[in-house]
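Below is one structure, written out as C-alpha cells, with a few remarks after it.
Excluded from the calculations below are hydrogen atoms, water molecules and symmetry mates; all remaining heavy atoms, backbone and side chain alike, are included.
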Amino acid sequence: MMLTEERYSDALGSQAAYLGEMATWALEQEARLSPKPALVDSRGDGAHSDMNLALMLSSARCLEPWFAEMAKAALTLECDLELRQTIGQLGREAEAEMLSVTGGINTHRGAIWALGLLVTAAATASDCEADLFDRTAQLARLDDPAAPRAKAPSNGEKVAREFRLPGAREQAQQGFPHLRQLSLPTLRQSRSNGDVESVARLNALLSIMTALTDTCVLSRAGLAGLDAMQQGAAAVLGAGGCGSFAGRRALAQLEARLLHLNASAGGAADLLAATLLVDRLFADAIQ
Ligand SMILES: CC(C)(COP(=O)(O)OP(=O)(O)OC[C@H]1O[C@@H](n2cnc3c(N)ncnc32)[C@H](O[C@H]2O[C@H](COP(=O)(O)OP(=O)(O)OP(=O)(O)O)[C@@H](O)[C@H]2O)[C@@H]1O)[C@@H](O)C(=O)NCCC(=O)NCCS
Ligand SMILES: Nc1ncnc2[nH]cnc12
C-alpha cells in the first residue's frame, strides 16, 4: 500500500522519536544502576562533588529531543558529510542544553557523542549489530566541517595527547570495540548464567572497565588510576562477578581504591549506556 507523503513523514517522525526515547532510557538506566564503583548512582555521588542522581536523570531527559532530531536527520539526509555536519551541530546544541539544565556541570558530554552517533546510525542500519557499528564508525570518521576549530583542549584531549591513548573519538571511529567484544557478550552471558538484570549490567560495566582508556580516570588520577580501574575490574570478574560474594567483596575494594584516587570512570559509564541502548534496540527488533 502506498503511503501518502504525510503518513510517510509521520512514520519517519515516530521512528526518530522511538530512537530518542531509547537513548534517554539507556542513560536513565545507567544512572540508576547500583552499586557502580565511584560513579553516581542511587546510593550517592561517587567520586563527584558536583553530580548526583537527580542531576543525571534531568540531564538524560533533556537530551531526548536532540537524540530524536539526530535520528530524524539520518532519515532525511542522503549525503553523509551533510549528515555528519548536522549531527555535529545538534550535538553541540545538545551539550549547551545539558549545561543549561545542569547549571554548567558536564554530566553527559561523552554520552551525547556516543549515543548520538548510535541513534543516527540505527535510523538507517539494517537489522544486524555489525552493520550498526560499521555505520557508526563511518560517521564518526568523517571530519565535521562546521566544528569550531579554535577551542581550548578538553580534559580528554589533554590526557589523550599526553599519554598517547585513545579516547571517546577513537572508540566511536573504531565502531565501539568495547561494546562488541566485551560488554554486549558479558551482558548476555551473565543473563544466560541466571544472573539478575542488575548484576548482568554491573558485570557488563566492569568488563568495559577492564580495558577502557577512560580519559576521565586519566585526567583525574593518571596512569595509576587507570591501572587501578582496569586491574580492579578484572579482579571482580575473576572472583565470579557481581553476583558472587567474592565478586561483591572485590567490587567494594575497587570502589574504595577509586574513591581514594578520586577516579570516576565516566567514559565506562557512557559505554554501559550505549551497551543498554544497542541491546534494547535489537531485543525490540527481534520481537
Ligand atoms: C568527540 C567528543 C567526545 C570530544 O570530546 P573529547 O575530545 O573531550 O574526548 P574525550 O575526553 O576522550 O571524551 C569526552 C568524554 O567522553 C567520555 N569518555 C572518556 N573516555 C572515553 C573512552 N575511552 N571511550 C568512550 N568515552 C569516553 C567521557 O564522558 C563522560 O564523563 C564525563 C563526566 O565525567 P567527569 O570526570 O565529571 O568529566 P569532566 O567534567 O570533564 O571532569 P571533572 O572536571 O568533573 O573532573 C561526561 O562527559 C560523561 O559523558 C569524557 O568526558 C565529542 O564531545 C565532540 O567532539 N562533540 C562535538 C559535537 C559532535 O561532533 N557530535 C557528533 C554526534 S553527537
Ligand atoms: N553514573 C555516572 N557517574 C559519573 N559520571 C558519569 N557519566 C555518565 N554516567 C555517569
Donor-acceptor contact present, side-chain [X] to main-chain [Y], <3.5 Å:
X	Y	value
T76	A73	yes
R135	A125	no
Q253	G232	no
T213	P166	yes
R141	Q173	yes
K36	A31	yes
D195	G243	no
T24	E21	no
T136	G175	no

Of the non-hydrogen atoms in [X] and [Y], which two are nearest, and what is the gap between them?
X	Y	value
G20	F67	CA-CB, 3.8 Å
A71	L19	CB-CD1, 3.7 Å
A273	L27	CB-CD2, 3.7 Å
L33	D41	O-CB, 3.2 Å
N262	R220	O-NH1, 3.2 Å
L272	A204	CD1-CB, 4.2 Å

Ion pair present between [X] and [Y], side-chain N to carboxylate O less than 4.0 angstrom?
X	Y	value
E157	R161	no
D143	R149	yes
R61	E28	yes

Do [X] and [Y] get their side chains close enough for a donor-acceptor pair, meaning under 3.5 Å?
X	Y	value
Q89	Q85	no
Q29	R280	no
N193	Q189	yes

[Y] side chain reached by [X] side chain, heavy atoms, under 4.5 Å:
X	Y	value
L218	F163	yes
S154	R109	yes
L206	L254	yes
L212	Q171	yes
L184	F176	no
L115	L63	no
H48	L55	no
L277	V119	yes

Can you tell me how far the [atom1] atom of [X] sits from the [atom2] atom of [Y], to the nearest 0.5 Å?
X	Y	atom1	atom2	result
L132	S126	CG	OG	8.5 Å
L205	L271	CG	CG	9.5 Å
D214	S264	CG	OG	7.5 Å
T107	D50	OG1	CG	9.5 Å
L57	L53	CG	CG	4.0 Å
M229	M209	CE	CE	5.5 Å

Given the rule that I, L, V, M, F, W and Y join up when any side-chain heavy atoms are under 4.5 Å apart, are [X] and [Y] in one cluster?
X	Y	result
W66	L99	yes
I105	I112	no
V40	V217	no
F133	W113	yes
L182	L179	no

Check: Do you know which of R249, R43, R248 makes salt bridge (Lys or Arg N to Asp or Glu O under 4.0 Å) with E255?
Finding: R43

Next item on the list: For V101 and H108, run side chain to side chain contact (heavy atoms under 4.5 Å, CB included): C-alpha distance rounded to whole Å, both residues' side-chain angles, the deciding distance at 0.1 Å, then the answer.
Entry: CA-CA 11 Å; V101 164; H108 285 123; over 6 Å; no

Next item on the list: Take E197 and L187, measure what side chain to side chain contact (heavy atoms under 4.5 Å, CB included) needs, and give me the verdict at the end.
Entry: CA-CA 9 Å; E197 184 63 13; L187 180 70; 4.2 Å; yes

Check: Is there a side chain to side chain contact (heavy atoms under 4.5 Å, CB included) between S58 and T102 once you walk through the steps?
Finding: CA-CA 8 Å; S58 303; T102 63; over 6 Å; no

Checklist line | side chain to side chain contact (heavy atoms under 4.5 Å, CB included) between L39 and L258, intermediate numbers included | finding: CA-CA 10 Å; L39 287 162; L258 293 179; over 6 Å; no

